[in-house]
Amino acid sequence: MKIIITSIFVQDQDKALAFYTDTLDFVKKHDVPTGAHRWITLVSADEQDGTELLLEPNEHPAAKEYQEKLFEDGIPVTMFGVSDIRKEYERLVEKGVTFTMEPTVMGDITIAVFDDTCGNLIQMIQQ
């Protein structure tokens, strides 16, 4: 068994798609209409056959409340790995990304947290 798709709730699929592709440089893998919404998945440019990230609408009241509570409490919804966190941090700051935590060394890892503009905090890690 392996993880093939993981999802995050987003407030607006179009805005999320633009942020995750134009700002974070993920690649759109699927964009399929499913009624009022779409099945949109993204992959890393370096691992296009790897785990997909589903941009899932937060319209269900439980999903919306879950997303809002995590954001209010400063809890990241997921974690993305990078090889050089300082370089990635600087690249994203230049693109206007807001960080709630600058790169911070914690033992053998360095982490940073940013706002994805779609209702989520995302943690970045360099191991």
Side-chain angles (χ1 to χ4, degrees):
M1 189 176 300
K2 61 182 178 177
I3 299 169
I4 58 170
I5 296 176
T6 188
S7 65
I8 60 169
F9 293 111
V10 296
Q11 298 162 331
D12 178 309
Q13 285 186 302
D14 289 322
K15 183 177 179 181
L17 179 60
F19 180 83
Y20 281 81
T21 56
D22 298 342
T23 304
L24 300 185
D25 293 335
F26 284 108
V27 175
K28 180 172 61 173
K29 184 153 187 175
H30 299 286
D31 189 346
V32 180
T34 57
H37 303 289
R38 295 161 22 221
W39 177 267
I40 302 172
T41 65
L42 310 168
V43 292
S44 168
D46 297 337
E47 295 182 19
Q48 294 192 25
D49 291 324
T51 304
E52 297 175 41
L53 178 66
L54 174 64
L55 303 177
E56 192 164 352
N58 74 348
E59 288 199 8
H60 187 281
K64 187 173 233 164
E65 183 177 358
Y66 168 80
Q67 183 186 32
E68 289 171 354
K69 294 286 187 188
L70 289 178
F71 191 89
E72 288 170 11
D73 288 348
I75 301 171
V77 298
T78 196
M79 182 184 304
F80 299 144
V82 296
S83 59
D84 184 336
I85 199 166
R86 183 63 57 186
K87 182 177 177 182
E88 190 65 15
Y89 168 79
E90 291 170 6
R91 183 184 79 82
L92 293 176
V93 166
E94 285 179 16
K95 288 189 165 206
V97 174
T98 301
F99 279 79
T100 61
M101 176 191 284
E102 294 183 9
T104 304
V105 176
M106 296 188 166
D108 293 338
I109 63 170
T110 304
I111 63 171
V113 178
F114 63 87
D115 183 339
D116 77 350
T117 73
C118 306
N120 303 296
L121 295 176
I122 306 294
Q123 186 166 308
M124 217 170 37
I125 183 172
Q126 176 184 315
Q127 293 179 303

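In this chain, residues are counted from 1 in sequence order.
For F114, the ring-ring contact (aromatic ring centres under 6.0 Å, His included) test picks out F99, with sequence neighbours left out. For F19, there are no ring-ring contact (aromatic ring centres under 6.0 Å, His included) partners, not counting sequence neighbours. The side chain to side chain contact (heavy atoms under 4.5 Å, CB included) test applied to D12 returns D14, K15, not counting sequence neighbours. Every side chain to side chain contact (heavy atoms under 4.5 Å, CB included) that Q127 has, sequence neighbours left out, goes to I109, I125. Scored by the side chain to side chain donor-acceptor pair (under 3.5 Å) test, H37 finds E59 as partners (sequence neighbours excluded).
Counted by atom type alone, Y66 and N58 present zero donor-acceptor pairs between their side chains at under 3.5 Å.
Counting heavy atoms of neighbouring residues, nucleotides and ligands inside a 6.0 Å radius, atom CG of D22 exceeds 12 of them. Counted within 6.0 Å of CG on D49, heavy atoms from surrounding residues, nucleotides or ligands total 12 or fewer; the atom is thus considered open.
Cluster membership for Y89 and L92, using ILVMFWY side-chain heavy atoms within less than 4.5 angstrom, is shared. A continuous path of Ile, Leu, Val, Met, Phe, Trp and Tyr side chains, each step under 4.5 Å between heavy atoms, connects I8 with I75, placing both in one hydrophobic cluster. Grouping the Ile, Leu, Val, Met, Phe, Trp and Tyr side chains by contacts below 4.5 angstrom, directly or via other members, places L70 with L55. Each of L121 and L53 belongs to its own hydrophobic cluster when Ile, Leu, Val, Met, Phe, Trp and Tyr are linked at side-chain heavy-atom distances under 4.5 angstrom. When the side chains of ILVMFWY residues are joined at heavy-atom separations under 4.5 Å, either directly or via intervening members, I4 and V32 end up in a single hydrophobic cluster.
Taking all atoms of both residues into account, the shortest heavy-atom contact from C118 to A16 is SG-CA, 3.3 Å.
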task: Evaluate side chain to side chain contact (heavy atoms under 4.5 Å, CB included) for T110 paired with T104, printing each intermediate quantity in order.
output: CA-CA 5 Å; T110 304; T104 304; 5.6 Å; no

- prompt: K95 and D25: side chain to side chain contact (heavy atoms under 4.5 Å, CB included), yes or no, with the steps?
  reply: CA-CA 12 Å; K95 288 189 165 206; D25 293 335; 4.0 Å; yes

task: For T117 and T98, run side chain to side chain contact (heavy atoms under 4.5 Å, CB included): C-alpha distance rounded to whole Å, both residues' side-chain angles, the deciding distance at 0.1 Å, then the answer.
output: CA-CA 9 Å; T117 73; T98 301; over 6 Å; no

field: Derivation and outcome, side chain to side chain contact (heavy atoms under 4.5 Å, CB included), residues F71 and D115
entry: CA-CA 9 Å; F71 191 89; D115 183 339; 3.5 Å; yes

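Rounded to the nearest 0.5 angstrom, W39 CH2 and K29 NZ are separated by 12.5 Å. Here the CD atom belonging to E94 is positioned 12.5 Å from the OG1 atom belonging to T23, to the nearest 0.5 angstrom.
Sorted by first and then second residue, the salt bridge (Lys or Arg N to Asp or Glu O under 4.0 Å) pairs involving residues 80-89 (not counting sequence neighbours) are E88-R91.
In this structure, the side chain of K28 does not engage the main chain of I40 through any donor-acceptor pair within 3.5 Å. Between the Q126 side chain and the I85 main chain, a donor and an acceptor come within less than 3.5 Å of each other. Put simply, the side chain of N120 never gets that close to the backbone of Q67: no donor and acceptor are under 3.5 Å apart.
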